[in-house]
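Below: the structure, in C-alpha cells.
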Amino acid sequence: PSPPTGTIGDIGLGSLGQHLTSLLVNQSNITQLNLYSLNQDKLNSFILDLKSANPNQIIHQQKCLEKVFTHSDIVILTFRISNPTQASSTSNIRFQKLFDHVQALWPITRAIRATQYQGRVLVVTNPVDPLSWSTYYLSNLNNSLKPDWTGLSSSQVIGVGLGLDHRRLQTLTNQPLEVIGEHGDNLLLAQYQNPSTLKPYSNQTLLSQVLSYSDKIRQHLPRTITGPAHETISLITHLLKSKTTSIRASSLNQQGVFLGNILTYHSGILGPSLIKSSSLQKLEEPVVLLHKQFQQKIIQNIKKGAKLRRK
C-alpha cells in the first residue's frame, strides 16, 4: 500500500470508537473522517457533537461500508458486539467474543473486496491478533469461501495492542525491556541481547502485573478506553510520517500467524526490525501453535455462519 494521506475511517461507535474519533478530530495530520455504525441515528447525533469540537474538520457519516473504504487511506476497526451469541468459555476476557466478532467481520471483508481496498486496516477490536488474521484471511475468500487471494495483502493489516502493552510495562518499570507476542495472556517479556537482538527476560511478577493491568482497570470501569485510543493515535501518527520509524504492533509472521513485534515502517513498507534469539523463538512456539488452532476454529465458524446465512 502507498503511504496514507490522512483520510481516516472508523467502523464502530462504542465507547472506544467515540473516544478515539474525539481525539482524531483535532489531529492536524487528519484531513477527513469517514464514520460508520449500524446505528445510523446514534451516529448522526454523535457527528453533530463531534463537529462542534472542530467545525473545520471534514466528517462524513457513511451509510454503507463500501464508502468507508473508498474514501479512507486508513480504516480502524473498533466495533464491539455487546450481546454475544457465541461467547467462548475462557478466562481471557479478550477472547470471549472471538467468534461473534469474526462473524461481524464478514460484511466488512465483503466491502474490502468490493472496493479493492489499497489502504491499511488497523484492528483494535479484541482479540486483536486472531481478528487481524481473520481480517486478512476473510478478505481473500470469495463468497463461496474459496481463497482467491485478491483481497488484502498481509502488510495492509496491523493489529493494535502490543504498543499498549509496552506503555503499561513502562508504568511498572524503567528498565529497557520489551514485550512481544500475543496481546493477551500469552505475552512474553524480552530484553536486548544486543542492539538488534531480543532474548527472553524472566520476571514472572512483572509479567503478571502487565497481564493484569487491564483487569484492574475493569474492576471499576466497564472497559479500557483511554490507553487503547491514545495508542491508536500514536500508531496513525507514525503511519502518516514519511520517514523510517519503529512501531510496536501485530503483523503476519513467518509462521503464518499475527503476533506482536517491533516493526520498521517506511513509505508503506512494514517489516520486523529486530532479531529474536533462538531461546525467545522457542518460547513463542506454543503461542504460534495456539493461534494456528484458533485459525482452524475461525474457518469452521465462518463455514457455520455461511450455512446460517443461506437459510
Side-chain angles (χ1 to χ4, degrees), residues 1 3-82 101 104 108 111 115 117 119-126 128 131 158-161 163-164 166-168 170-171 213-214 217-218 220-242 245 247-249 265:
T5 60
T7 54
I8 309 296
D10 182 80
I11 297 173
L13 195 62
S15 53
L16 176 55
Q18 290 184 49
H19 187 61
L20 175 59
T21 49
S22 72
L23 297 175
L24 286 169
V25 75
N26 278 310
Q27 295 291 312
S28 60
N29 52 3
I30 305 302
T31 58
Q32 181 177 309
L33 292 175
N34 298 292
L35 308 183
Y36 174 84
S37 171
L38 289 173
N39 190 334
Q40 288 285 310
D41 290 334
K42 181 180 177 181
L43 179 58
N44 181 63
S45 295
F46 175 67
I47 289 177
L48 286 174
D49 192 21
L50 195 61
K51 284 182 175 179
S52 67
N54 185 355
N56 297 318
Q57 180 62 267
I58 300 171
I59 306 172
H60 291 301
Q61 177 177 350
Q62 302 297 359
K63 297 185 178 180
C64 68
L65 289 164
E66 286 80 3
K67 291 282 189 179
V68 178
F69 289 100
T70 299
H71 298 293
S72 305
D73 291 323
I74 297 174
V75 174
I76 313 163
L77 303 185
T78 62
F79 68 87
R80 180 170 177 262
I81 303 298
S82 299
H101 286 165
I108 294 172
T115 57
Y117 184 59
R120 276 203 161 81
V121 179
L122 303 187
V123 180
V124 182
T125 299
N126 277 316
V128 164
L131 286 185
I158 299 175
V160 183
L164 176 60
H166 184 257
R167 288 171 185 263
R168 290 170 174 172
Q170 288 181 309
T171 71
Y213 201 104
S214 177
I217 295 172
R218 294 171 188 265
H220 303 289
L221 291 173
R223 65 170 307 188
T224 58
I225 296 174
T226 306
H230 280 269
E231 173 57 24
T232 306
I233 293 288
S234 175
L235 185 54
I236 290 172
T237 301
H238 283 300
L239 294 177
L240 292 176
K241 292 179 179 178
S242 57
T245 185
I247 62 173
R248 293 175 176 86
Y265 175 80

For [X], which residues count as a side-chain contact (heavy atoms from CB on, under 4.5 Å) partner, sequence neighbours excluded?
X    : answer
K63  : Q40
T171 : Y213
S37  : L13, N39, L43
T224 : R168, S214, I217, R218, P228

- Using the test side chain to side chain donor-acceptor pair (under 3.5 Å), find all partners of T7 that sit at least two apart in sequence or belong to another chain.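 Once residues adjacent in sequence are excluded, the partners of T7 under the side chain to side chain donor-acceptor pair (under 3.5 Å) criterion are D73.
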
[X] to [Y] - nearest heavy-atom pair and separation:
X    : Y    : value
Y265 : R120 : CE1-NH1, 3.5 Å
N126 : L131 : O-CD1, 3.4 Å
V25  : A53  : CG1-CB, 4.1 Å
T78  : G12  : OG1-O, 3.4 Å
I30  : L240 : CD1-CD1, 4.1 Å

Measuring from atom [atom1] of [X] to atom [atom2] of [Y], what distance do you get when rounded to the nearest 0.5 angstrom?
X    : Y    : atom1 : atom2 : answer
L235 : R248 : CG    : CZ    : 12.0 Å
Q61  : I59  : CD    : CD1   : 11.0 Å
L33  : K51  : CG    : NZ    : 11.0 Å
H71  : I58  : NE2   : CD1   : 12.0 Å
T232 : L16  : OG1   : CG    : 6.5 Å

Hits for salt bridge (Lys or Arg N to Asp or Glu O under 4.0 Å) against R167, two or more places apart or cross-chain, chain-then-number order -> E231

Applied to residues 17-32, the side-chain hydrogen bond (donor to acceptor under 3.5 Å, both in side chains) test, sequence neighbours excluded, yields N26-N54, Q32-N34

*With sequence neighbours left out, which residue pairs that include part of residues 23-70 fulfil the ring pair (Phe, Tyr, Trp, His ring centres under 6.0 Å) condition?*
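Found F69-Y117.
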
May I ask you to test the [X]-[Y] pair for a side-chain heavy-atom distance under 4.5 Å?
X    : Y    : value
I47  : L35  : yes
L24  : I76  : yes
I11  : V75  : yes
L239 : I158 : yes
V123 : V160 : no
L77  : L122 : no

For [Y], is there any backbone N or O sitting under 3.5 Å from a side-chain donor or acceptor partner on [X]?
X    : Y   : value
Q62  : G9  : no
H101 : R80 : no
T115 : E66 : no

- Provide the full list of salt bridge (Lys or Arg N to Asp or Glu O under 4.0 Å) pairs with a residue in residues 9-24, sequence neighbours left out, each pair given once.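 Listed by first then second residue: nothing to list.
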
